[in-house]
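Below: one structure, written as structure tokens.
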Amino acid sequence: MTEELPRLARPDSVEELSELVTRAHRDSRPIGVYGGGTALDDHPPGRTPGLLIDMGGLDEVIEHSPGDLILVAGAGATISELNDVAATGDQQLLPDFPADRTDSGSTLGGAIATRAVGPRRIGRLPLREVVLGVTVVLADGTIAKAGGKVVKNVAGYDLAKLMTGSWGTLGIIASAAVRLYPKPKTQGYVEIPGAEAALGVLGSQVAPAAVDIDRSPGTEATTVVMVEGLPESVESRTRQIIEANPGAKAGIEPSWWARRAQAPVTIRASVSPALVPELVAQIARLEDTIGYPIQLRGSAMGVFDLGVGGLDTDPTTATRVVLEHLRTWGQKQLSATVLCAPASVWGDVDAWGEIPGFGLMRTIKDQFDPDGLLSPGRGIGGL
């Protein structure tokens, strides 16, 4: 007699994970995947899974090669644990991850699947370029490896890049190899009033590691520049930034650094860096017009999270107004999508808008998961 498939499972090996997914596929059960749980509120809630997989059992550090700047680990290993391992070689993970998620137990597999990113995105490669390889369990239970075994419906795809930002809709990441980075000796921070100086700092010779902008509701925006490296270099570049920007002053890491705004709804807005000051000004004017608080936080590279609504108000109307305003701003370089919201909001607003390449995304989804069993509804556009 075949053992009944559980509703919740915590596999301890890739083979066990494969066996669980094979059985779920045979029984046509939707599959949900759980890492650290730090992004469970992002994207719309999917269908109730017939099998929920806790990846915490796959947390082994498989290989650490300080000389080659490579670390290989199971998908359930936490980012904080892996940075501790890398620190033994005076290194850190090359991608920069959000501090609030890392502090709450974000895992390697979850960070890759959701394409998590922190402030230091200027001088570092994007996450999809840092993931060197993955081992993935596909929708039918097949184990596939980037650069190794390639099954028929994976041919022609870079598996590691494809899984980065897939939200678990194309396969379940079991392990990954990522690049490491020499750990900087020190960091320095400079605070600059407003957002107008951000573009100039981005293009300057001070080589910032991060340029982030924060605007709390009803207040002026603040630009914070981070530089890192040897102490004498950090001191020199910090001084250059202060001398070049009126009102600038040396500071420390802000309490909000690498942390998302706390609000009922988070909208992800992306613009060209040249349009960042205008976006900040538009948000201030919009807040005054609609009477709802809007918090803005993100990188001067042009990616911002907008925290919409007060904790004691229904955010649906405010979310709809902000989305419609941004999408009719007349700037083709701008996109706006809902990232995190209560379930009721997802059903009442156009959360995604126009998604470039959505047809191709659906084609790939159909190739990898024709029965729609992997994290249904959790992907971009509700895939």
Side-chain angles (χ1 to χ4, degrees), residues 11 14 17 21 31-43 46 53-64 69-83 85-86 92-121 124-139 143-148 154 157-181 258 268 303 339 361 364-365 368-369 374-375 378-380 383:
V14 179
L17 173 62
V21 174
I31 301 171
V33 184
Y34 179 93
T38 61
L40 283 180
D41 292 335
D42 291 357
H43 282 214
I53 299 176
D54 177 357
M55 297 297 291
L58 294 169
D59 60 353
E60 178 186 4
V61 176
I62 300 168
E63 178 185 347
H64 177 212
L69 293 174
I70 295 174
L71 189 148
V72 184
T78 67
I79 298 299
S80 59
E81 290 170 343
L82 296 181
N83 266 325
V85 172
Q92 60 186 199
L93 299 182
L94 176 54
D96 189 32
F97 296 107
D100 48 1
R101 288 181 56 178
T102 298
D103 292 348
S104 298
S106 178
T107 61
L108 178 62
I112 294 171
T114 60
R115 199 160 66 177
V117 62
R120 289 181 293 188
R121 63 185 79 195
R124 300 194 180 191
L125 293 170
L127 183 57
R128 67 193 310 268
E129 302 295 337
V130 170
V131 180
L132 302 177
V134 290
T135 297
V136 176
V137 174
L138 301 176
I143 300 173
K145 297 182 180 180
V154 180
Y157 295 106
D158 184 323
L159 195 59
K161 287 184 173 61
L162 201 61
M163 293 298 152
T164 304
S166 68
W167 288 84
T169 61
L170 302 178
I172 301 174
I173 300 170
S175 66
V178 295
R179 293 184 187 275
L180 300 177
Y181 188 79
R268 174 68 51 84
V303 181
L339 180 63
M361 293 181 197
I364 295 174
K365 171 67 173 177
F368 276 76
D369 183 19
L374 291 179
S375 303
R378 288 276 288 160
I380 294 174
L383 283 177

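Predicted model, so just to flag it, every value in this text is computed and none were measured. As a basis for the values below, the full set of heavy atoms in this structure was taken, side chains included, without hydrogen atoms, waters or symmetry mates.
- Residues Arg179 and Leu69 fail the side-chain proximity criterion, which asks for heavy atoms closer than 4.5 Å.
- Annotation: the span from Ile62 atom CD1 to Thr135 atom OG1 amounts to 7.0 Å, rounded to 0.5 Å.
- Rounded to the nearest 0.5 angstrom, Thr169 OG1 and His43 NE2 are separated by 10.0 Å.
- The CG atom of Leu374 lies 5.5 Å from the NZ atom of Lys365; values are rounded to the nearest 0.5 Å.
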| request: Using the side chain to side chain contact (heavy atoms under 4.5 Å, CB included) rule, take Leu17 and Met55 through it: C-alpha gap first, then chi angles, then the decisive distance, then the call. | output: CA-CA 9 Å; Leu17 173 62; Met55 297 297 291; 4.0 Å; yes
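- When the salt bridge (Lys or Arg N to Asp or Glu O under 4.0 Å) test is applied to Arg124, the partners found at least two apart in sequence or on another chain are Glu228.
- With hydrogens and angles left out, the side-chain atoms of Arg101 and Thr38 include a donor and acceptor closer than 3.5 Å.
- With a 4.5 Å cut-off on side-chain heavy atoms, Glu81 and Val61 do not count as touching.
- Few gaps surround CG on Asp103; more than 12 heavy atoms of other groups in view lie less than 6.0 Å from it.
- Minimum heavy-atom separation, Leu170 to Leu138: O-CD2, 3.9 Å.
- The CG atom of Asp96 sits 11.0 Å away from atom CG of Leu127, with the distance rounded to the nearest 0.5 Å.
- Legend: residues meeting side-chain hydrogen bond (donor to acceptor under 3.5 Å, both in side chains) with Asp54, ordered by chain and number and at least two apart, are Arg10.
- When all heavy atoms are compared, the tightest approach of Pro95 to Phe97 is CG-CZ, 3.4 Å.
- Within the 4.5 Å cutoff, the side chain of Trp167 has heavy atoms near those of the Asp42 side chain.
- Here the OG1 atom belonging to Thr164 is positioned 8.0 Å from the CZ atom belonging to Arg115, to the nearest 0.5 angstrom.
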| task | Let me see the working for Val178 and Leu82 under side chain to side chain contact (heavy atoms under 4.5 Å, CB included), right down to the final yes or no. | result | CA-CA 10 Å; Val178 295; Leu82 296 181; 5.9 Å; no
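- With rounding to the nearest 0.5 Å, the separation of CZ in Arg378 from OG1 in Thr114 is 9.0 Å.
- For the pair Val14/Ser175, no side-chain contact is recorded, criterion being any heavy-atom separation below 4.5 Å from C-beta on.
- When all heavy atoms of Leu159 and Lys145 are compared, the pair lying nearest together is CD2-C, 4.0 Å.
- Closest approach of Ala177 and Val72 over heavy atoms only: CB-CG2, 3.7 Å.
- Of all non-hydrogen atoms in Gly133 and Ala146, the two that sit nearest each other are CA-CB, 4.1 Å.
- Legend: residues meeting side-chain hydrogen bond (donor to acceptor under 3.5 Å, both in side chains) with Thr102, ordered by chain and number and at least two apart, are absent.
- Counting only distance, with no hydrogens or angles, the side chain of Asn83 and the backbone of Leu93 share a donor-acceptor pair below 3.5 Å.
- Nearest heavy-atom pair, Leu162 versus Ser166, reported as atom, atom and distance to 0.1 Å: O-CB, 3.6 Å.
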| message | Checking Asp59 against Thr107 for the side chain to side chain contact (heavy atoms under 4.5 Å, CB included) test, could you report, in this order, the C-alpha distance in whole Å, the side-chain angles of both residues, the deciding distance, and whether it holds? | response | CA-CA 9 Å; Asp59 60 353; Thr107 61; over 6 Å; no
| message | What verdict does the side chain to side chain contact (heavy atoms under 4.5 Å, CB included) test give for Met163 and Val136, after you've listed the backbone C-alpha separation in whole Å, the side-chain angles of each residue and the deciding distance to 0.1 Å? | response | CA-CA 9 Å; Met163 293 298 152; Val136 176; 3.8 Å; yes
